[in-house]
Amino acid sequence: MINIGEYNTLEIIRDTEQGLYIADNEGNEVLLPNRYIPEAFNFGDEIKVFVYLDNEERLVAVTDDPYVTRDNFALLRCSQVTSHGAFLDWGMVKELFCPFKEQAFKMKAGGWYLVYCYLDEETERLVASSKTNRFLDNKELTVEKFDTVDLIVSHPSEIGMNVIVNKKHLGLIYKDDIYKELSVGDELKGIVKKVRSDNKLDISLGQIGYRNIEPNADIVMNHLMDSADGFLSLNDKSSPEAIKQELQMSKKTFKKAIGTLYKKRLITIEPEGIRLVK
């Protein structure tokens, strides 16, 4: 079976004026236009291609790499808006279409939008939707508390930042747990901090509880070792804002970290800051 919107590994079976025809093991064929033909090939060779509908609505294979594939999320730039909808640059000759009904907010040319790419079953076209929440489901969770998860920053809220968890679930990072700048579309790692009774997920960008002492102690150590004199002008009397700006962690986490280092006799705590023991 040839899958639209995905990478397929297909066999080269014949050459024509338009290009090479390649096929799957069931005999389904698709054209690889001349511009994508490799310099050297043999019939029977396998080639990895991306398959979608071209500007004339024909099934076509290409060797280009799209910025997003079917059933995935990506931050894409809107190149133009017409009376039919918005068209997004996804690295392909034919732009990715986002109908007006699939726009969470009216798109504008030049704007960047987090979208989900999916196959419209009626038209068999790949389309985009910026209404990303409708492609997420928290009814049956595949994650548990303390799991490390992949995150995509989705959109801000009054209490924090919404994130897509493992491309399946919706989660939230509360403002108090955000210690570095986050932008829509950012991809990063996180930890499931709490699973609420309604299956809502609280996410942390750092380790949790006792788990976060050692990693953050390492961060402090790295800053000390990178400094010219092994000194950091922060201690347990420093303001949360100063600690956040320097180390991108909370004051509570910082105090735990330097407590660990102090107990291990790796640092001394001075009135003006902390110093590496040499």
Side-chain angles (χ1 to χ4, degrees), residues 1-82 84-99 102-103 107-132 135 150 152-154 164 166-167 183-188:
M1 181 177 180
I2 296 177
N3 297 308
I4 299 176
E6 300 177 9
Y7 288 103
N8 296 256
T9 300
L10 304 175
E11 181 184 346
I12 299 173
I13 58 173
R14 68 176 188 277
D15 194 1
T16 70
E17 291 184 3
Q18 293 77 32
L20 296 177
Y21 273 90
I22 53 181
D24 63 12
N25 54 16
E26 297 175 355
N28 299 304
E29 300 180 2
V30 63
L31 176 68
L32 180 69
N34 287 318
R35 63 181 295 184
Y36 302 107
I37 294 177
E39 292 184 3
F41 68 88
N42 294 304
F43 295 114
D45 287 350
E46 290 188 336
I47 184 171
K48 182 181 178 181
V49 294
F50 180 78
V51 177
Y52 75 124
L53 297 182
D54 66 12
N55 286 317
E56 297 182 14
E57 306 301 327
R58 299 172 302 186
L59 194 66
V60 65
V62 299
T63 54
D64 292 335
D65 291 316
Y67 302 149
V68 65
T69 56
R70 175 179 171 181
D71 300 331
N72 278 298
F73 300 88
L75 186 69
L76 301 179
R77 180 181 178 275
C78 176
S79 58
Q80 62 174 318
V81 178
T82 70
H84 301 289
F87 290 85
L88 309 176
D89 176 12
W90 63 318
M92 308 297 284
V93 174
K94 181 183 178 182
E95 295 180 315
L96 186 62
F97 179 59
C98 183
E102 291 297 337
Q103 297 177 25
M107 293 182 174
K108 297 180 180 180
W112 290 82
Y113 303 92
L114 181 67
V115 298
Y116 181 80
C117 176
Y118 69 98
L119 184 68
D120 185 325
E121 295 183 355
E122 292 184 7
T123 63
E124 291 193 345
R125 297 178 184 173
L126 292 171
V127 294
S129 173
S130 63
K131 297 180 178 179
T132 53
F135 300 96
D150 294 317
I152 302 174
V153 177
S154 176
I164 296 168
N166 286 353
K167 300 182 181 180
S183 300
V184 173
D186 284 353
E187 298 185 23
L188 61 162

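Since the model is a prediction, treat every value here as computed from it, not as a measurement.
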(message) Looking at Lys94 and Asn55, would you say the former's side chain and the latter's main chain have a donor-acceptor pair under 3.5 Å?
(response) no
(message) Please report the interatomic distance CD1(Ile12) to CD1(Ile22), rounded to the nearest 0.5 Å.
(response) 7.5 Å
(message) Is a donor from one side chain sitting under 3.5 angstrom from an acceptor on the other, for Tyr67 and Asp89?
(response) no
(message) Are there over 12 heavy-atom neighbours, none belonging to Lys108, within less than 6.0 Å of that residue's NZ?
(response) no
(message) Can you tell me how far apart CG (Leu76) and CG (Leu96) are? Round to the nearest 0.5 Å.
(response) 6.5 Å
(message) With a 3.5 Å distance limit and no angle check, can you tell me whether Arg70 reaches the backbone of Ile4 through a side-chain donor-acceptor pair?
(response) yes
(request) Calculate, to the nearest 0.5 Å, the distance between atoms CD and CD belonging to Glu11 and Glu29 respectively. (result) 10.5 Å
(request) Considering non-hydrogen atoms only, spot the tightest contact between Asp65 and Tyr7 and give its length. (result) OD1-OH, 2.8 Å
(message) Within this structure, what is the CD-CG distance for the pair Glu56 and Leu53, rounded to the nearest 0.5 Å?
(response) 11.5 Å
(message) For the backbone of Glu6 and the side chain of Thr69, can you confirm whether one donor and one acceptor N or O come within less than 3.5 Å of each other?
(response) no
(message) Under a 3.5 Å distance rule, please check whether Asn34 uses its side chain to pair with a backbone N or O of Glu17 as donor and acceptor.
(response) yes
(request) Name all residues meeting the ring pair (Phe, Tyr, Trp, His ring centres under 6.0 Å) criterion together with Phe73; count only those two or more places apart in sequence or in a different chain, and write none if there are none. (result) Tyr116
(request) Compare every heavy atom of Ser154 with every heavy atom of Val184, then report the nearest pair and how far apart it is. (result) CG1-O, 3.2 Å
(message) Could you measure the distance from the OG1 atom of Thr9 to the NZ atom of Lys48? Nearest 0.5 Å is fine.
(response) 6.5 Å
(request) To the nearest 0.5 angstrom, please state how far the CD atom of Glu124 sits from the CD atom of Glu57. (result) 10.5 Å
(message) Please give me the minimum heavy-atom distance between Leu114 and Gly185, naming the atom from each residue.
(response) CD1-CA, 4.3 Å
(message) Determine whether a donor-acceptor pair (N or O, by modelled atom type, separation under 3.5 Å) exists between the side chain of Asp24 and the backbone of Met1.
(response) yes
(request) Determine the interplanar angle of the Tyr118 and Phe135 rings, folded into 0 to 90°, and report it as parallel if under 30°, tilted if 30 to 60°, perpendicular if over 60°. (result) tilted
